[in-house]
Amino acid sequence: MKRARDSIPRQPEHKAQVTDHAACPVCAAHTQEDQLLQASRLDEILALEAYRPNLRAQMLAVFDACARDSLQDCRQAYRCGDQAALVHAAHRLMGSAASLGAERLRRLAAETETCAQAQADNLALADLLERLAATLDDTLCAYRHWLVLER
Amino acid sequence: MTLNTLNPAVIGIVEDDAVHATLIEATLISAGYAFLTFKSAEEFRRRNGFQSVDLLLLDWRMPGESGVSLVRSLREQESHSLPVIFVTSNGEEAHAVEALDAGGDDFLTKPVRRGELLARIRTALRRSQSQHSGYECFGPYRLHAHHRTIEINGELVKALPKEFDLMLFLFRRAGRLVSRESILTHVWRTNSNVQTRTIDTYVSRLRHNFGLDGRHGWIVEGVYLQGYFLREIEHQPK
């Protein structure tokens with residue numbers, strides 16, 4: 001079981017010794033690329049909840065359903081060898097992830113879209129689909145922890 | 001659709017991604033906009049979306065007809081100046097160029113930030129409204145959107161707020177069938193599923209009080225089960 005604190009993007013250990021994160025390109029790179037959920041995006045969603053009650057829970061439910069559908073469509077398209085469908089499904093997943101601030105998932109979905117467009121070999125695509133599934137689960141878990149944190 | 005009194009504009013959202021649509025809706029609510037959401041270009045056409053909205057947030061890539069195809073088709077229609085802001089997950093320059101060349105007014109990349117989105121909407125609406133900042137003339141009828149006045153043959157005629165709104169709405173879509181749904185959405189800012197004879201009553205008032213029964217060369221006709229149709233006639237009825 002992840003600690004509640006894990007819902008906030010994990011920082012590399014040496015980061016604690018760096019006071020100016022912006023000055024450390026390694027830290028910045030890790031921060032940007034490894035983030036499951038962007039804090040700034042979550043803050044924006046939280047702020048919008050003042051105008052639309054239960055928005056955060058609603059976003060979770062919608063994202064969970066949409067992202068799983070998109071991932072399922074990716075898998076189906078991969079099995080059928082349908083490149084266009086795979087590109088479309090990966091693109092849709094990328095968009096959903098971007099809206100939620102799920103940066104790691106967004107990046108993987110973008111990579112999947114690019115690989116599918118380039119007609120990359122099946123092994124590479126299979127690996128990406130596995131990583132997408134795992135990252136989606138991690139993202140949902142992180143979001144649920146955030147919901148608990150901010151209750 | 002959310003009823004609001006802060007911003008009179010109705011924003012159309014054409015987006016197949018429910019996550020993004022939910023976020024955009026919340027953003028629009030926060031700024032007091034009313035909105036209508038369509039899951040595809042086909043649904044937008046089927047529900048006559050272009051009659052019901054003042055600005056369109058249009059997804060680039062959707063199943064079926066693309067956003068670019070939709071906006072190209074919109075621009076081909078006579079007098080169609082609906083502001084369109086494209087939203088896409090891919091920020092490539094080529095996409096932006098294609099979107100703007102097709103007739104889009106602006107281009108945003110997901111994830112869309114609240115502040116930026118609202119600023120772009122305000123800019124696009126301001127630009128659109130400036131096109132209607134003066135008198136709009138339709139034969140003997142002269143309407144002023146900002147002063148909310150109606151003149152018929154040079155004579156100022158008093159109008160209730162909803163009479164003015166409905167008349168302006170119909171004149172701006174003259175020659176086209178306008179659905180009851182779009183009238184309810186745009187003029188009354190209410191859930192279009194509400195059954196009401198209010199529209200019929202107001203149309204009757206327009207005919208009787210403002211001469212839209214043909215006596216000044218313009219007539220509002222009802223189309224059974226579909227809506228209304230304001231048109232100019234050559235000869236006045238007997």
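Reminder, nothing fancy here: chain letters follow the sequence lines and each chain counts from 1.
Residue Glu113(A) touches chain B through its side chain alone, counting heavy-atom pairs closer than 4.5 Å. With a 4.5 angstrom heavy-atom cutoff, Arg106(A) does not touch chain B via any of its atoms. For chain A, no part of Asp59(B) is nearby; none of its heavy atoms comes within less than 4.5 Å.
Contact between Ala26(B) and Arg52(A) at its shortest, heavy atoms only, is N-NH1, 3.8 Å. Asp17(B) approaches Gly95(A) most closely through the heavy-atom pair OD2-C, 3.4 Å.
Most heavy-atom pairs under 4.5 Å with chain B, from the set Ala50(A), Ala47(A), Ala61(A), Cys66(A): that is Cys66(A). Ranked by non-hydrogen atom pairs under 4.5 Å with chain A, the options Met62(B), Arg114(B), Arg61(B) are led by Arg61(B).
A side chain to side chain contact (heavy atoms under 4.5 Å, CB included) with Leu23(B) holds for exactly one of Gln58(A), Glu44(A), Met59(A); it is Met59(A). Residue Ser99(A) is tested with Val19(B), Val112(B), Ile24(B) for a side chain to side chain contact (heavy atoms under 4.5 Å, CB included); the sole match is Val19(B).
More than 12 non-hydrogen atoms from other residues, nucleotides or ligands lie less than 6.0 angstrom from NZ of Lys162(B). More than 12 heavy atoms of other residues, nucleotides or ligands shown are found within 6.0 angstrom of CD on Gln117(A). Other residues, nucleotides and ligands contribute at most 12 non-hydrogen atoms within 6.0 Å of the CG atom of Asn54(A).
Using a 4.5 Å heavy-atom threshold, the side chains of Ser40(A) and Arg113(B) count as touching.
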Item to check | side chain to side chain contact (heavy atoms under 4.5 Å, CB included) between Leu55(A) and Thr22(B), intermediate numbers included | outcome: CA-CA 8 Å; Leu55(A) 176 64; Thr22(B) 303; 3.9 Å; yes
